[in-house]
Amino acid sequence: MRSTVFRRRWVFVVATALVVALLTGLNGCYYLRAANGQWQVLRERQDIDTLLNAGSLESDVAERLTLARDARRFAIDELMLPDNGSYASYTDLGRPYVVWNVFAAPALSVAPYTWCFPVVGCVSYRGHFKQVYAERDAEKLRKRGYDTYVGGVAAYSTLGRFRDPVLNTMLTRDSVALVATLFHELAHQQFYVKGDTEFNESYATAVADIGLARWADTRISTDAIAAYQRRRTLRDEFNALALATRERLQAVYASERSDEAKMALKQQAFADLATQYQALADARGLPASPRAPSNNAMLVPIATYYTLVPAFLHVYEDCERALPCFYARTAEVAALADNTSRRAALPAVP
């Protein structure tokens, strides 16, 4: 019975994709590829409990899936995130990423290029289930003069419309990152504001940080907690450098200088950022710095996922770390009419 219901649901999804394809002209191929990619993710799902009980998994996979199962239960019981069947199953896609996202921005602007879709609204990235299509998408935008960046993604959420599985792409990450990813994606299923990518991603990132801190209190050794806190601090330091460069470039692009002068200042800003990244890595004893953003598009995911995180964490602290209060305050802001109103309602954090 379950398989019959599933097939019926998927027939509806494919039919919807076909209608969208016919209505969107050249975008039709994109929607059909997306439907096929989503179908692959769902059709290969296997129940995690069944897999673990069978005892046939490789030990490292079994260990990771056990961790994912525990983290999911913690998210539901302790973080009050949705219990809708997501992340109770597993899909091995046989590739390193589930999708590759394309980010783009004008050559003289840090404002992201956006794509608009049914249901989710306009977002600052476009995902492809095959890297080759993401690279083609990026190349078309480069030919039109945009800065572009293609990044692999380990997980995404269908916002509760399907029972999303744990993916092999998530298991390749370390334990803390795996737990954080589960918290992040389940947070999307709790609140999602159509057309406000920065709000959605920053909120989910904040929930992951809150969840990891609570998880660490009871599930991680003292040494592991210290390591997690060092990594989080380092992440914030690198992001702060990138966001400061973004503000610097915003001022340059808004100035009355010639385009030629702006391009020269842009190149200098990114060269300075690379130097700052390496200096921070050296100061922290890292063997090499992470890849520093080198164009406007590479700043987009950093701004999208982290700009509003301090504001959400401030709300959490203002609620004295009570999750019902935090979620209620977030819901109030999410219900506001537009992005500008939501930014104004969130606390300003230096």
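Values below: every heavy atom of this structure, side chains too, minus hydrogens, waters and symmetry copies. The structure presented is a predicted model; accordingly, all values stated were derived computationally and were not measured.
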Closest contact, heavy atoms only, [X] versus [Y]:
X	Y	result
Met170	Val166	SD-CA, 4.0 Å
Asp49	Arg69	OD1-NH1, 2.9 Å
Pro290	Phe238	CD-CZ, 3.3 Å
Ala180	Ala208	O-CB, 3.6 Å
Lys262	Arg257	CE-O, 3.3 Å
Ala104	Tyr146	CB-CB, 4.5 Å

CA sep, side-chain torsions, deciding dist, call: Arg45, Tyr90, side chain to side chain contact (heavy atoms under 4.5 Å, CB included)
CA-CA 5 Å; Arg45 292 179 302 184; Tyr90 173 64; over 6 Å; no

Are the side chains of [X] and [Y] in touch, meaning some heavy atoms are under 4.5 Å apart?
X	Y	value
Ser294	Tyr149	no
Ser175	Arg64	yes
Tyr97	Gln131	no
Leu323	Arg214	yes
Arg248	Gln268	yes
Asp92	Leu171	no
Ser157	Asp164	yes
Leu234	Arg231	no

Just by modelled atom types, is the [Y] backbone N or O under 3.5 Å from a matching donor or acceptor in the [X] side chain?
X	Y	value
Lys266	Val252	no
Gln190	Met80	yes
Thr169	Ala154	yes
Thr205	Tyr305	yes
Arg33	Asn36	no
Asn296	Ser109	yes
Asp147	Ala105	no
Thr91	Val41	yes

Contacts satisfying salt bridge (charged side-chain N to carboxylate O under 4.0 Å, His left out) that involve residues 333-346 (not counting sequence neighbours) are Asp196-Arg342, Asp196-Arg343, Glu198-Arg343

What's the separation between atom [atom1] in [X] and atom [atom2] in [Y], rounded to the nearest 0.5 Å?
X	Y	atom1	atom2	value
Arg291	Met298	CZ	CE	3.5 Å
Ile302	Thr245	CD1	OG1	9.0 Å
Leu299	Thr304	CG	OG1	10.0 Å
Thr197	Tyr192	OG1	OH	6.0 Å
Glu201	Leu308	CD	CG	11.0 Å
Leu186	Asn84	CG	CG	7.0 Å

Indicate if [X] and [Y] have the same hydrophobic cluster label, given that clusters are the connected sets of ILVMFWY residues with side-chain heavy-atom separations under 4.5 angstrom.
X	Y	value
Tyr133	Phe117	no
Leu273	Leu286	yes
Met263	Phe270	yes

Would you check, one step at a time, whether the test side chain to side chain contact (heavy atoms under 4.5 Å, CB included) holds for Thr181 with Tyr87?
CA-CA 11 Å; Thr181 299; Tyr87 307 112; over 6 Å; no

Set of residues satisfying side-chain hydrogen bond (donor to acceptor under 3.5 Å, both in side chains) with respect to Asn200, sequence neighbours excluded:
none

Yes or no on side-chain hydrogen bond (donor to acceptor under 3.5 Å, both in side chains) for Thr158 and Gln38, after CA distance, side-chain angles and deciding distance?
CA-CA 9 Å; Thr158 60; Gln38 181 63 41; 5.3 Å; no

Quick one, Arg73 with Ile76, criterion side chain to side chain contact (heavy atoms under 4.5 Å, CB included). Give me CA distance, side-chain angles, the key distance, then yes/no.
CA-CA 5 Å; Arg73 178 45 54 190; Ile76 294 165; 3.6 Å; yes

Other residues, nucleotides, ligands: >12 heavy atoms within 6.0 Å of Glu317 CD
yes

Would you say CZ of Arg321 has more than 12 non-hydrogen atoms from neighbouring residues, nucleotides or ligands within 6.0 angstrom?
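12 or below, so no.
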
Do you know which of Val207, Leu313, Val309 makes side chain to side chain contact (heavy atoms under 4.5 Å, CB included) with Ser202?
Val309

Report yes or no: is the cationic atom of Arg126 (NZ for Lys, CZ for Arg) closer than 6.0 Å to the six-membered ring centre of Tyr30, at no more than 45° off its axis?
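Because its charged atom sits under 6.0 Å from the ring centre and within 45° of the axis, Arg126 does stack over Tyr30.
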
Extract all donor-acceptor atom pairs below 3.5 Å that involve side chains of residues 327-337 and protein atoms in other chains or at least two apart in sequence.
from, atom 1, to, atom 2, distance (Å)
Tyr327, OH, Leu79, O, 2.6
Arg329, NH1, Asp318, OD2, 3.2
Thr330, OG1, Phe326, O, 2.9

Centroid-to-centroid, Phe199 to Phe312, below 6.0 Å?
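Close enough - the centres of the two rings lie under 6.0 Å apart.
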
Does the side chain to side chain contact (heavy atoms under 4.5 Å, CB included) test come out yes or no for Tyr113 and Val300, once each step is laid out?
CA-CA 9 Å; Tyr113 184 93; Val300 171; over 6 Å; no

Classify the ring geometry of Phe129 against Tyr156: parallel below 30°, tilted from 30° to 60°, perpendicular beyond 60°.
perpendicular

